[in-house]
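Take a look at the structure set out below.
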Amino acid sequence: MAMDKTFDAATAESRLFTAWEQAGCFTAGANAKPEASSYCIMIPPPNVTGVLHIGHAFNNTLQDILIRWKRMQGFDTLWQPGCDHAGIATQMVVERELAKNGEQTRAKMGREKFLEKVWDWKGQSGGTIINQLKRLGASADFSRTAFTMSGAPGAPADEADGNFHDAVIKVFVEMYNKGLIYRGKRLVNWDPHFETAISDLEVENIETPGHMWHFKYPLAGGATYTYVEKDEDGTITLEETRDYISIATTRPETMLGDGAVAVHPSDERYASIVGQLVEIPVGPKEHRRLIPIITDEYPDKDFGSGAVKITGAHDFNDYQVAKRGGIPMYRLMDTKGAMRADGAPYAEAAALASKIGKSTKPLFETLVEFGAVSENTEVSQRETVAANFIDTINLVPDELRGKNRFIDGHSEPQAREIVVAEINAEGLAVMVTEVTTVKDDDGNETEVSNIVPYVENKPIMQPFGDRSKVVIEPMLTDQWFVETDKIVGPALDAVRNGDVKILPESGEKTYYHWLENIEPWCISRQLWWGHQIPVWFGPAVSADKQHYTSEAPVQFCATTEEEAIKLANEYYGPEAEAYISSYDQYQAEAKRAEGGISGFDDVPNMEMHEVGKKKRYCLFRDPDVLDTWFSSGLWPIGTLGWPNESEEMAKYFPTSTLITGQDILFFWVARMMMMQLAVVDQVPFDTVYLHGLVRDAKGKKMSKSTGNVIDPLDIVDEYGADALRFSSAAMAALGGVLKLDMKRIEGYRNFVTKIWQASSYGDNVIDAFSAERGAEPPKATLPLNRWIIGEVAKLREDVDAGLESFRFNDAANALYAFFWNTFCARYLEFTKPIFHGEDQAAKDETQAVYAWAIDQSMILMHPIMPFVTEEIWNVTDGRGVDTGDASKMLIHAEWPTYTAADLVDADAEAEMNWVIAVIDNVRSARAQVNVPAGAQVPMVVTQIDAAGQSYWDRNEALIKRFARIESLTPADEAPKGSIAIPAPGAAFALPLAEIIDVAKEKARLEKTLGKLAKELGGLRGRLNNPKFADSAPAEVVAEARANLAAREEEEAKIKEAFDRLAEIG
RNA sequence: GGGCGAUUAGCUCAGUGGUAGAGCACUUCGUUGACAUCGAAGGGGUCACAAGUUCGAACCUUGUAUCGCCCA
């Protein structure tokens, strides 16, 4: 059948993809040989809200290349696709959707209704990205498409078949029972927009213009001290009496929650006042709170005044200091980042806090003394109980309550601005002299000195939520944590001992560095969309189970409500019973909505009820959900059916290769390692291939605001999926930066066309595909055919070597160079004289070899360019997708195993190299002396060895055609004024005295001689160095010798030609 | 400040000890029967700098400079 003029990617792609899918080509185990080893890739699950961007396209192309390659090799392959429920991102998208449609807000419709909406949305548009992957030719087993929320309560019937939810819950319970998960009041990153905690990794620190204010904290009771400053030599530079300590801060509004002022223990300037009390210079004058001056290693003597205010509830460094020093941590803000409005009036709260601040006893004892907590509290609970009490104290002055923490888009001054203004007004700012130049009416400039508050304008590192883009507030809240330091060991060992390989190797270093310094992982999120934490709270009872206590609630962690009740009943004893109240869960949420974010300790019904004779204890479930990465951390086992003992789990786990972006090494890769090892005690994969962000041609990040975003589907539309895929492979150098240049894609689109044209030549011109053919190379006698068969074998080795070492670029470049430069530019051209000749046997042989070489090229190119290759496979022989038979399609063709050692014929290779050298040398010489391209010229041979003569005899027609030689005449000497053509073992000349420019030809030869001289110099230098022969490997020395001989021969010929030319001018 | 990396042709990048490569761009020529989404021929690099190891360094070591990315 005659092939069309060009490959129509747009129509072919969907047709081919449908044929593959219908024939079941992608399903797990398709095309596997009996007893095959398995090869499994887990897709990094894209967000279910996502649309395909160029990074996905790149990432999934690499996965598809490996899967197609392994599938053709007969491995039992599984490429597992699916999506991540992406808690924050999805909740955000659906909320935006609701707002757009004028529906009720999330808060108004409530949890259950909202979750229904999310599932609706997921059902309607959740599959977008998976369908987009198909446009790339992704051959994942779509019948197994997984979802990290499948099987969760509330999932619609058609979503409930998976059991990912069960896996997540089971892991949580197991880890809880092993003591790897705990709940505690810790300082976490709080996102005031989404009103949830987020993990360290979800925070982006961005340098932002900020201010550093300097304030005076007066010593209590008007005390004074002598403040002395010295320079490096110990000379006193300043000595004065002060009644204050100077503090620098970028966050004045947090002064309200200060628990102490800290100085370095070795700081002599403040040694005399350590232990004294200072007054926080904010809030109503009559209720000023006193806090102690303490010592801690944290303050930097050389930074600011050397003294630091300690606000444990709103700063990570201060938190550590406060923990070390038992300093109370007063939370000042609510879930929206506004100043708290709950609790007792300021006067009362400040008085209590002041008393606490003055106490020299440990915090718990102090609180017992004030009757705030019970001295009977169990020792293990004391810290929690004390912290919970402290958290009820609202130290925000009445007039600031409900205001935002800083101005951030508000028109009115907010807490920060008001606090600063009040301190300045009271004269407690540190003052400096500022000199400004003013012009009077006559234009005369005068310098004016003003005493002004000392405020430095300086960039500060400000934390932002990676999703919400709002300023993150460190907030002291109750959260769930994974005790990462307990599970990190095996994850580190697995990479250290080589069980898991991370590529490029630098990724391993980064991995070690992070895991060796890992922090507890905050896994609870105050969201609705996600896996709800399987812990139920109940009231604590006394040891004799007779009465309720005010201690922190008891946790019952279980996979189901029934289990939780069972656990609770065991705890409460036979005379009581537990029941579940969803009402109380809502109470807890409502409490949080009002700004109470610390816990559920005093949720109304959280106590026992006497019903008849039996005590009843109300349980309610923690309303929080798990961090999305907690569930995606279980992606490998979760998608394979764990915790059931599934066949897939046995076959495909541990999986083989993970291909993902460097940016989620910590988020995902490290966590999968830790969790799989913690849960099933096996590594999740053998090899991790990390790649960078795909950037634009100039190396800039693609972003909507820059307007340089390239939509991969636009590329597919314009250039075809194969061109995009080939570009991806060619860009994928290990550790390389990924700059996507449209020019390059265009170039690979041209390559696709080239492949098509070469096939079309085989089909339409030489009719190569009509004969039967198989995987074995045809019997060939012609050196040309024997040579190309060997070249194909070399290519097979190169492609396999590239893919085996994840050097996709090497594989791609080998294919490109072979097909364009060797197959098309040489072999295809060289077949032409045969088909224009009369030798039928030669024609038959060449048809067969041509067809075989095309077949093999299609096979070897298929993993990278599945569409054009499958289409050619189909069109050139009526095989393939048109049959509907998977076993006949290229996608399931047998990957070759022949080697260069099997198929390379050294004689044929030498012959073809000689022929090519002669042609190239003639062409080069002709072009340089401006012989018209079309002109047929005579050639003279002055010297030729036996091998050369036989090469010539066998290839005369070919050489004459491509070098445009009309005749070859032997001569003793080259005619005067001819152009020299050296070749290995031969010397030719073109007698063109009448048309050439002698000076030009001399210049050409001189240039060649110059190059040769340089090369010869290097070679001789090496060979004359006795140490070289002694130390270098024998083959390197031999190669250098051979090289030298060849160059010397060439030089001699050119010198001779040059001398001859010199005779005539 | 800590960690990781980069610096090679005009541009984008390969190149893991044997003397420099690709694509694009550029110059000249060419509508020769697969292909102008093409063909032929060419120009172009002190491999950031410095010192060291080595018979031999773009490659290994150390330092310097500049630029990225990640974490504080």
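What you see below is based on every heavy atom in this structure, not just the backbone, and it leaves out hydrogens, waters and symmetry mates. Predicted, not measured: the structure shown is a model, and the values here were computed from it.
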Could you please name the option among B/rC4, B/rA34, B/rG2 that lies closest to any side-chain atom of A/T510? B/rC4
Has the side chain of A/Q757 got a donor or acceptor that lies under 3.5 Å from a partner of the other kind on the base of B/rA36? no
Strictly under 3.5 Å: I want the nitrogen or oxygen pairs between protein and nucleotides 17-28 of chain B, one per line.
residue, atom, partner, partner atom, Å
B/rU19, O4, A/R1022, NE, 3.0

Please give the distance between the P atoms of B/rG43 and B/rG5 as a whole number of Å. 38 Å
Toward the 5' end of RNA chain B, by each residue's nearest nucleotide, A/E204 or A/R826: A/R826
B/rG5 C1' sits how many Å from A/L690 CG, rounded? 14 Å
Cut-off 3.5 Å, no hydrogens considered: what does the side-chain donor-acceptor table look like for residues 807-825 of chain A, sequence neighbours left out?
residue, atom, partner, partner atom, Å
A/N813, ND2, A/N809, O, 3.2

Can you measure A/F830 atom CZ to B/rU32 atom P for me and round it to whole angstrom units? 19 Å
Atom CH2 of A/W756 to atom C1' of B/rC35: distance rounded to whole Å? 13 Å
Of A/S506 and A/A927, whose closest RNA chain B nucleotide lies nearer the 5' terminus? A/S506
Atom-pair distance (OH on A/Y761; P on B/rC35), nearest Å: 11 Å
In whole angstrom, give the distance that lies between atom CZ of A/R926 and atom C1' of B/rU32. 12 Å
Determine whether any donor atom in the side chain of A/K754 lies under 3.5 Å from an acceptor atom in the base of B/rC35, or the reverse, and answer yes or no. yes
Using the P atom on both, measure B/rG63 against B/rG3 and round to a whole Å. 12 Å
Go through A/F830 and A/I788 one step at a time and tell me if the side-chain contact (heavy atoms from CB on, under 4.5 Å) criterion holds. CA-CA 11 Å; A/F830 291 176; A/I788 199 67; over 6 Å; no
Return one dot-bracket line describing RNA chain B 5' to 3' (Watson-Crick or G-U wobble pairs, both distances under 3.5 Å; ( ) same strand, [ ] crossing, | another strand, . none). ((((((((.[[[[.)..(..]]]].(((((.......))))).....[[[[[..)....]]]]]))))))).
